[in-house]
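Working notes for the structure below.
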Amino acid sequence: MKNKTSLMVLPGIADVHVHLRVPGGEHKENYHTGSAAALAGGITTLMGMPNTAPPIITMETWQTAQKKANNESLCDVALFAGASITCMGELPELGRHAIALKLYMDLTYGELRVDGLDNLARIAQLWPREKVLALHAEGDSVKTGIDLAAKYHRRVHFCHISRKEEIEWISDAKKQGLSVTCEVTPHHLFLNEGDAKCLGSLGDMRPRLAKQSDVDALWEHINSTIDCVASDHAPHTLAEKQNSENPPPGVPGLESTLPLLLTAAAEGRLSYERLIILLAVNPRRIYGLPEQPDTWVEVDPQASYIFPDHELYTKCGWSPFSGFPVKGRIRKVVLRGKEVVKDGIVHQYIR
Ligand SMILES: [Zn+2]
């Protein structure tokens, strides 16, 4: 894995949980800025979430957004479709085209919230068996999601699992042979509720930051139950975060995910082999993402610095991890044989 200049070569990373804010939130992020931030963070494939304005819940909105993403993105982007009680009839057609379905069981407003067991059951049956049903589920909703996987014999992926009991339920479900997978975010691995107090609105997201005992539980499952790490990159402007009465939850993460995981590997908290499985191998396997030939990321695993080491590409321009000492610098990213990033510069980016 190491070449002669002691750089380490990783496969292109796939981030399966990203909010690109198109359509409707382009002042926070767009496909160009979001994909540039991804590349700067060593991410060559990303999956975009459907909670936009309007939400991506019909074939027409999905098609328009995916076309725009293909035209404007600097890396590969696959868009989720969102499950909505108001648009159930769209699911068969969306199921033929969208990479996966996102279903919000908790804490989301408007058309994307799905509750009621009947509705969940209908969606679980309407969505193609070979494609993933990705759940935003917290607390007891995780149990309901496990029941869905069991009852309908279908693949269920849990987004941003953050609590001890949740990861233990998923561990048990896997032991029973159910087809469940899960992701955790870097902020739930590296921050706790104490950090949330210090960061204020800049440390507020859903699920909220948890107790240190929850953080410890996630690390205990990092080599077993946890299938992948995804950023849940959810940018908002500093003004929205700091100057509004009800700051919106969510923090950016595309540019900090790999440096943080490399730091954990340098500290011996996980192996570099496991890092590759969590960030590249499993995300591609779970969602059936296409391979990217001649694509790799060169990192210097020994380089220590204070994050960030470049002006951030995400349009929101801030990070909850600013000032974090990290170890592991991205030197170069090559996508399909072409150098796209060198020492913090994304070549095709237009400011
Ligand atoms: Zn999210």
Side-chain angles (χ1 to χ4, degrees), residues 14-25 28-31 34-35 37-38 41 43 45-57 62 65 69 77-84 98-114 132-139 141-142 145 156-163 166 181-191 196 201-210 218 226-236 240-241 247-257 279 283 286-287 314-316 319-321:
D15 189 338
V16 299
H17 193 141
V18 178
H19 298 271
L20 290 166
R21 304 302 192 207
V22 180
K28 304 171 197 268
E29 198 77 283
N30 60 48
Y31 293 127
S35 60
I43 295 156
T45 301
L46 56 80
M47 291 180 60
M49 283 293 168
N51 62 333
T52 48
I56 298 175
I57 53 177
W62 180 85
V77 173
L79 296 180
F80 280 90
S84 172
I99 185 91
L101 187 71
K102 176 74 182 285
L103 200 158
Y104 290 86
M105 297 173 76
D106 294 289
L107 293 168
T108 286
Y109 331 91
E111 287 184 286
L112 278 167
R113 187 187 169 111
V114 175
V132 173
L133 189 57
L135 299 185
H136 178 135
E138 297 184 39
S141 293
V142 172
V156 168
H157 177 79
F158 291 94
C159 301
H160 45 52
I161 287 299
S162 65
R163 300 305 194 264
E166 296 168 355
T181 52
C182 72
E183 79 201 20
V184 298
T185 71
H187 46 262
H188 293 117
L189 286 172
F190 292 90
L191 301 172
S201 59
L202 299 187
D204 182 40
M205 75 294 286
R206 300 294 175 271
R208 288 186 172 86
L209 293 174
L218 296 186
I226 295 168
D227 295 282
C228 48
V229 174
S231 69
D232 195 6
H233 175 81
H236 298 286
E240 289 168 328
K241 278 297 217 181
V251 299
L254 286 168
E255 287 155 277
S256 46
T257 296
L279 292 177
I286 290 166
Y287 284 102
T314 174
K315 201 168 185 178
C316 72
S319 165
F321 296 105

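Each residue takes its place number in the sequence, starting with 1. Counting convention: from 1, in listed order, for ligands and their atoms alike. Worth saying up front: this structure is predicted, and the values here are computed from it rather than measured.
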Of the backbone and side-chain N, O or S atoms of His160, does one lie nearer to the Zn ion (ligand 1) than 2.8 Å?
-> no
Would a distance-only check, ignoring hydrogens and angles, find a side-chain to backbone donor-acceptor pair under 3.5 Å from Ser201 to Lys241?
-> yes
Geometric class of the His160/His136 ring pair [parallel <30°, tilted 30-60°, perpendicular >60°] = perpendicular
Short N/O/S contact of His17 with the Zn ion (ligand 1) (below 2.8 Å) | yes
Examine distances only and state if a side-chain atom of Arg206 and a backbone atom of Pro249 form a donor-acceptor pair shorter than 3.5 Å.
-> no
Answer yes or no: is there a donor N or O on one side and an acceptor on the other, between the side chain of Glu29 and the main chain of Lys315, under 3.5 Å?
-> yes
Atom name in Asp232, limited to N/O/S, at shortest distance from the Zn ion (ligand 1) = OD1
